[in-house]
Amino acid sequence: MFPRVTLLYRLLAVCVSVTIIMILLQSVDDRINHKPLTYLPAYVKHSMREIDSYGDQGIGNYSNATAQVTSLTTMHPPVNPHNFNFVVNPTTFCSSTRPEYVVYVHSAPKNHKKRQMVRQTWGAKSVCNKYNMRVVFIMGLVSDQKVMNTVKLESNTYGDLVIEDFDDSYRNLTYKAIAGLKWVSKYCSDVKYVIKSDDDILIDMHALMDQLNSTEVKSYGTRNVIMCNQWLRMKVIRDKSSKWYISKEEFPDDFFPPYCSGSVFIMTSDVVQRMYWASLQTKFFWVDDFYITGLLVKRIGIEHKRLNENYMLNARAAMEKFNGDVKHELRFFHVRKLVDVYKMWNTLEKNQNTSCSDCYTWTPPKFVNSTS
Ligand SMILES: *[C@@H]1O[C@H](CO)[C@@H](O)[C@H](O)[C@H]1NC(C)=O
Ligand SMILES: *[C@@H]1O[C@H](CO)[C@@H](O)[C@H](O)[C@H]1NC(C)=O
Ligand SMILES: *[C@@H]1O[C@H](CO)[C@@H](O)[C@H](O)[C@H]1NC(C)=O
Ligand SMILES: *[C@@H]1O[C@H](CO)[C@@H](O)[C@H](O)[C@H]1NC(C)=O
Ligand SMILES: *[C@@H]1O[C@H](CO)[C@@H](O)[C@H](O)[C@H]1NC(C)=O
């Protein structure tokens, strides 16, 4: 082709072209995969590389979580310390009842009725017993003492509340999310799957448990799994009147990198542990769903398994879609009216045989003055 060019030059030309192509491909790859992190300050990116280099020996090995966290935070002072204390803490809930599945539900102190809904439907003791699952509610503190007193009574009755001493407000939801990861890591780490939910969600627990036992889900393995409703390119809200308004200073890009709906996601327990540790090294960002399922998941180096067809997140249409779900694909519903959740759950329970003749027993510890 180039008769006058020597073989050496030809080889050189090939090398240069290959290099150029590789650089181009790499930059495309960077744009696809790494753009999300470009707004992070350099020190975060640096500590991230360090944490990544631990691999399985470091943040993946949780044979002694306390020792690991101590050594990790000594070597790498947290950029996002989580210095809150549990003020209501059923520490032995899991160690004494030994579940295989644990659901932690983000709640708020005043949401007593929503918690009752969960306890009477998909989180009922009979359901928990059937699948060897336990449900806890995660929350912070509010200044209204009346509300906190009711919460204390509730905790003494059910023993399923976990309360940490941060202010429970929506700009603090990321603290709630980290509190959940922390509590499960510390007190409930020895389970097959950890499920995060909200208190306005209906979970078809029977269908979900079947699914978690399916060959497809089993093929994902028993580590490094997070399953969720994944959004690939969610727009950042720039409308100043929105509750979810985010300024350009807080987040320059107009789209979020992939992350999940925070309504429900399901993880293997190693993931919970590593995400908690990674949170200590990941700058605080108040949009909790993105922080947890976007940033932290990216940091621990795993990818979402998409369960998008199982979600119905439009509360207005929940009931209609529930009734029209002939393929029985939907498992997670965002529902506005509690009465609708009860109706839907009754339908799901019709063909089930859950009863509590030999249910696990659990005597909640009493927290008398703990929240004052
Ligand atoms: C975790 O660490 C312990 C103690 O250092 C070690 O014995 C064990 O082999 C490690 N496990 C894995 C999976 O790396
Ligand atoms: C875990 O490590 C901590 C701190 O080194 C130690 O005090 C504790 O006894 C260890 N626990 C187990 C179960 O080995
Ligand atoms: C978040 O919680 C912290 C700790 O309780 C508190 O100091 C802060 O005011 C809270 N922030 C908001 C926006 O509520
Ligand atoms: C899980 O699936 C297997 C068959 O694949 C079945 O034998 C077993 O009963 C199932 N377990 C549960 C809890 O559904
Ligand atoms: C439901 O439970 C009853 C009583 O425990 C039992 O007789 C019946 O066979 C069960 N039905 C199914 C579908 O498991």
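Fair warning: this is a prediction, and the values are worked out from it, not measured in the lab. Counting starts at 1 for both ligands and their atoms, following the listed order.
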The single option from F265, F333, F332 passing ring-ring contact (aromatic ring centres under 6.0 Å, His included) against Y311: F332

Would R171 count as a polar contact of ligand 3, with the cut-off being nitrogen or oxygen pairs under 3.5 Å? no

Just distances here: any N/O of Y175 and N/O of ligand 3 closer than 3.5 Å? no

Measure N172 to ligand 3 on non-hydrogen atoms and call it side chain, backbone, both or neither using the 4.0 Å cut-off. side chain

Is there any disulfide bond (SG atoms under 2.5 Å apart) pair reaching into [range], and which pairs are they, with sequence neighbours excluded?
range	answer
residues 210-243	C228-C260
residues 118-155	none
residues 163-194	C94-C188

Going by the atom numbers of ligand 3, which of them fall below 4.0 Å from some non-hydrogen atom of F166? 5 (O)

Near S169, which atoms of ligand 3 are under 4.0 Å from a heavy atom of that residue? 12 (C), 13 (C), 14 (O)

Measure from every N or O atom of ligand 4 to the protein's N or O atoms and keep only the pairs below 3.5 Å, writing each with atom names and distance to 0.1 Å.
from     : atom 1 : to   : atom 2 : distance (Å)
ligand 4 : 2 (O)  : N213 : OD1    : 3.4
ligand 4 : 2 (O)  : N213 : ND2    : 2.3
ligand 4 : 11 (N) : N213 : ND2    : 2.7
ligand 4 : 14 (O) : N213 : ND2    : 3.2

For [X] and [Y], test the side chains for any donor-to-acceptor distance below 3.5 angstrom and give the result as yes or no.
X	Y	value
Q230	Y259	no
S263	D198	no
E250	W286	yes

Should we count CG of D190 as having more than 12 external heavy atoms under 6.0 Å? no

Just checking Y158 against F137, ring centres under 6.0 Å apart? no

With a 4.0 Å cut-off on heavy atoms, is F84 touching ligand 3? yes

